[in-house]
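Remember, it's a predicted structure, so these values are computed and weren't measured experimentally. All ligand and atom numbering here is 1-based and tracks the order in the structure.
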Amino acid sequence: MTDARAIHLADYQPFSHLIEHVALTFHLSPNATRVQARLAVRPNPAREQGLDLRLDGEGLRLVRLAVDGRELTVLPDETGLTIRAADLPDTAFVLETEVEIAPEGNTALEGLYMSRGMYCTQCEAEGFRKITFYPDRPDVMARFRVRVNGDHPVLLSNGNLVDQGPGWTEWDDPWPKPAYLFALVAGDLRAHSATFRTLSGRDVALNIWVRPGDEGRCAYAMDSLIRSMKWDEQVYGREYDLDIFNIVAVDDFNMGAMENKGLNIFNSKFVLASPETATDDDFARIEAIIAHEYFHNWTGNRITCRDWFQLCLKEGLTVYRDQQFTGDMRSHAVKRIEDVLMLRARQFREDQGPLSHAVRPESYVEINNFYTATIYEKGAEVIGMLRRLVGDDGYARALDLYFDRHDGQAATIEDWLCVFQDATGRDLTHFTRWYSEAGTPRLKVSDDFNNDTYTLHFEQENYATPGQPVKWAKVLPISVGMLNPNGDDLLPTTVLEMTHMRQSFAFEGLATRPVASVLRGFSAPVVLERAVSAEERAFLLAHDTDPFNKWEAGRALAKDLLARMVTEGAAIGPGWLEAMARVAQDGSLDPAFRALCLRLPSEDDMAQTLHAAGHVPDPAGIYAGRRRMGDALARRLAPDLPGLIASLAEPGPFTPDARAAGRRALRLAALSLLSRVDGGTAARAAYRAADNMTEEVGALSCLLDIGQGAEELARFEARWRSDRNVMDKWFALQIAYAAPDRAAEVTQTLTQHPDFDWKNPNRFRSVIGALSGHHAGFHHSSGAAYALVAEWLLRLDPLNPQTAARMSTAFDTWPRYDADRQAMVREALQRMLATDGLSRDLTEMAVRMLGD
Ligand code: B3K
Ligand code: ZN
């Protein structure tokens with residue numbers, strides 16, 4: 001987009017100066033915190049000499065500024081201040097500043113703010129400039145020493161604790177870091193502690209800091225942390241590098257968590273867990289996010305990004321690493337399926353709409369708007385492809401070289417690709433298109449069989465995306481396998497490398513026509529277009545040895561059926577029902593895998609697929625069709641469901657491990673189907689008997705799904721009223737299961753609930769986000785949900801632009817739908833843009849979504 005305020009990758013220049021050391025002193029006070037900074041500065045030899053010094057700073061009251069002890073009068077502007085070269089020595093000097101800030105009034109939750117009486121920080125991407133004047137950019141790396149003075153019993157910052165006394169602590173971080181990794185916490189907190197001995201025998205003190213009363217809910221997060229630390233040593237050879245590692249849980253947080261050096265700050269929802277309060281999904285997310293933030297210590301902190309255009313350098317890689325970790329801890333097959341579900345739901349959606357952007361974008365207005373599924377999830381997919389192309393050994397050598405060569409640096413995607421080239425000798429010039437070109441390639445596949453030769457023909461299409469009308473062929477690693485018609489493996493998984501727009505691969509010497517299993521493991525993030533008969537899909541569901549494609553075959557059967565139901569009024573034939581029945585009853589399959597197979601395609605996924613196939617999706621039709629499928633499946637499986645449910649009962653106390661969680665997932669999937677035929681009898685009993693949150697929420701969902709559960713909802717509320725994280729579920733569930741024509745009304749009513757604390761991002765997401773996640777409810781033809789979501793985004797924007805902008809992506813699919821819906825969404829977006837004082841964040845999003 002063209003915007004005067006846009007920042008461009010092409011304009012990058014190193015900073016004028018180097019900051020060798022930073023000493024900060026905080027005097028905490030809710031409305032008048034004093035921050036004294038002492039920076040050891042020298043001109044950057046990589047730049048021309050005699051440059052002014054420009055420091056970022058926003059909302060700071062400057063009290064004092066001195067260069068080498070000499071006071072200077074400098075007037076800050078809106079975004080910072082400039083010290084003229086004439087006022088600076090041409091060699092090293094000391095810059096001192098003192099500013100005053102008001103954390104209590106900081107509702108944006110960026111910089112230093114307060115959450116229920118405790119102080120905390122969030123500096124990525126550009127929050128440090130709200131704390132003190134500083135070159136707030138990731139390529140300026142410095143050693144920090146921090147003294148915190150405050151009334152709270154616990155005062156934390158990055159690095160090692162070097163000194164303390166009554167009302168103060170002093171911290172030293174020996175590892176140079178960019179300002180976005182700075183953190184400070186002060187509060188009345190309790191620690192859940194442990195010790196970790198590293199590979200080389202150093203002991204690290206581990207603490208998870210929480211509010212008094214929450215200490216009993218930290219064990220799982222701590223266990224996840226210890227396993228992450230071990231795993232990074234074993235798999236990547238990466239050891240932790242400080243004497244202490246602190247994690248703090250806060251209730252008001254704009255996202256999941258933040259990897260500040262030695263002091264990770266977490267949304268409390270991703271730390272606190274007990275069997276009574278957290279579901280299996282919560283446990284899994286906690287494990288993954290703890291790992292993700294910990295892995296950033298090397299991929300992000302020790303090696304950081306030169307500028308924010310390189311964000312995927314740390315995020316794509318760290319997501320890739322946390323996915324590997326979860327696969328190792330749980331199940332690679334299940335993890336891959338879940339990741340692809342998520343990729344399609346979020347990244348493909350983004351990439352096929354007006355917000356599509358490259359994994360490495362070329363410009364932005366507000367960087368916080370680019371913490372997207374494309375940077376994170378597609379960024380990770382790109383690394384998975386690289387690994388498929390160079391092999392496991394090549395990947396390991398490249399990563400070793402990356403850590404050796406770039407430790408302590410702020411690196412780029414070029415640096416990253418260069419280590420792969422240097423370590424493996426492979427030319428990756430062509431591959432760079434994955435970083436520079438947006439959009440999801442479509443891969444058309446056809447085949448033929450002649451004279452003992454089976455040939456697969458591929459054609460890739462790379463559609464135009466905003467600002468990128470022309471695209472080139474991508475390098476695609478396409479994993480394929482072949483099966484004999486009797487179901488035996490004929491060709492083990494082989495990676496075909498596609499580098500042109502059209503390419504064919506022949507397999508000779510085959511006696512009969514094989515059944516091909518294409519794109520095993522989802523080896524490239526593309527939309528596969530292949531006309532496959534229902535029989536062949538059922539065959540692959542029954543016989544494919546690649547678990548991803550086995551699941552995918554069942555998924556495709558369901559989607560083909562639902563598409564025909566919605567567009568042609570097709571009836572549900574026995575094919576899909578019998579295939580599902582076989583999976584449900586196949587005791588040789590992992591219950592977690594079976595639960596995934598029984599899950600119907602989501603409505604949004606269906607709308608995406610129909611739109612891509614040239615239809616205008618009808619949200620009400622998709623909703624109704626999907627319900628009919630669920631009802632038909634319930635009737636088909638009804639006789640077996642009670643037995644299946646009973647066989648999956650877990651004896652003994654709750655454990656959060658993957659095996660037990662998988663059994664519960666299948667049990668609850670079966671209970672949900674049973675509820676459709678037994679009027680909720682079994683689910684009501686399960687609700688009463690539940691001794692853990694997975695089953696409590698699971699049984700309640702079954703009841704809400706069939707329009708019941710009012711009494712259970714009331715009991716749930718009475719029991720959990722004082723637990724914020726659990727109550728978020730109570731809010732979200734009612735909206736998620738509301739009938740489409742009532743979703744907006746239910747949401748509206750909940751916004752009047754005394755516990756709808758809309759300034760808390762978790763609560764806002766659990767209500768407004770639940771409505772925008774309810775496909776048929778959000779896109780209801782009345783437009784009521786569009787209006788309600790827009791109204792709340794406008795209310796939130798002045799207080800918390802980051803969360804408002806992020807949640808505005810609810811509207812990014814509007815071009816899929818009919819003219820009436822399109823007009824309503826455009827009108828809502830235009831109304832936002834016409835609002836006085838709309839944030840830069842939300843403005844950029846609305847402009848991009850409107851696309852004109
Ligand atoms: N790096 C942070 C995200 C920061 C988001 C800033 N708007 C968490 C993570 O990716 O691990
Ligand atoms: Zn991250």
Applying side-chain contact (heavy atoms from CB on, under 4.5 Å) to Glu350 and His357, what does each step give before you reach the verdict?
CA-CA 8 Å; Glu350 181 169 81; His357 58 272; 3.5 Å; yes
Full working for side-chain hydrogen bond (donor to acceptor under 3.5 Å, both in side chains) between Gln323 and His332
CA-CA 9 Å; Gln323 292 175 344; His332 284 282; over 6 Å; no
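Judged purely by distance below 3.5 Å, without hydrogens or angles, the side chains of Asp241 and Asn297 pair a donor atom with an acceptor atom. Side-chain contact annotation: Asp172 with Asn160, donor-acceptor N/O pair under 3.5 Å absent.
For the pair Lys177 and Phe182, the NZ or CZ position fails the cation-pi test of under 6.0 Å to the six-membered ring centre and within 45 degrees of the ring normal.
Taking every non-hydrogen atom of His296 and a distance limit under 4.0 Å, the qualifying atoms of ligand 1 come out as 9 (C), 10 (O), 11 (O). Listed by atom number, the atoms of ligand 1 under 4.0 Å from Met258 heavy atoms are 1 (N), 2 (C). Of all atoms in ligand 1, listed by their number and element, those nearer than 4.0 Å to a heavy atom of Glu315 are 1 (N), 9 (C), 10 (O). Each of the atoms 1 (N) of ligand 1 lies under 4.0 Å from some heavy atom of Lys314. Ligand-side atoms of ligand 1 in range of Glu259: 1 (N), 2 (C), 8 (C), 9 (C), 11 (O), range being under 4.0 angstrom from any heavy atom. In the vicinity of Met255, heavy-atom distances shorter than 4.0 Å reach the ligand 1 atoms 4 (C), 5 (C). Proximity to Ala257 (heavy-atom distance under 4.0 Å) selects the following atoms of ligand 1: 2 (C), 8 (C). Of all the atoms in ligand 1, the ones that sit under 4.0 Å from a non-hydrogen atom of Asn368 are 6 (C), 7 (N).
Taking both residues in full, the closest heavy atoms of Ala108 and Asn800 are given as O-OD1, 3.7 Å, listed atom of the first, atom of the second, then distance.
At a threshold of 4.0 Å, the pair Arg349-Asp604 counts as salt-bridged, since one of the basic side-chain nitrogens sits closer than that to a carboxylate oxygen. Between Arg129 and Glu126, at least one side-chain N (NZ, or NE/NH1/NH2) sits under 4.0 Å from a carboxylate O, which counts as a salt bridge.
Remark: minimum distance from atom 10 (O) of ligand 1 to any protein heavy atom is reached at Tyr376 OH, 2.5 Å.
Evaluated by nearest non-hydrogen atom to atom 2 (C) of ligand 1, the leading choice among Glu126, Glu293, Glu124 is Glu124.
No N or O atom of Gln122 sits closer than 3.5 Å to an N or O atom of ligand 1.
The distance between the ring centers of Tyr376 and Phe370 does not fall below 6.0 angstrom.
Counting just the N/O/S atoms of Glu315, the one with the shortest distance to the Zn ion (ligand 2) is named OE1.
In this structure, Glu110 falls outside the shell of residues with a heavy atom less than 4.0 angstrom from ligand 1.
Of the angles at the Zn ion (ligand 2), the one spanning NE2 of His296 and NE2 of His292 is 100° when given to 10°.
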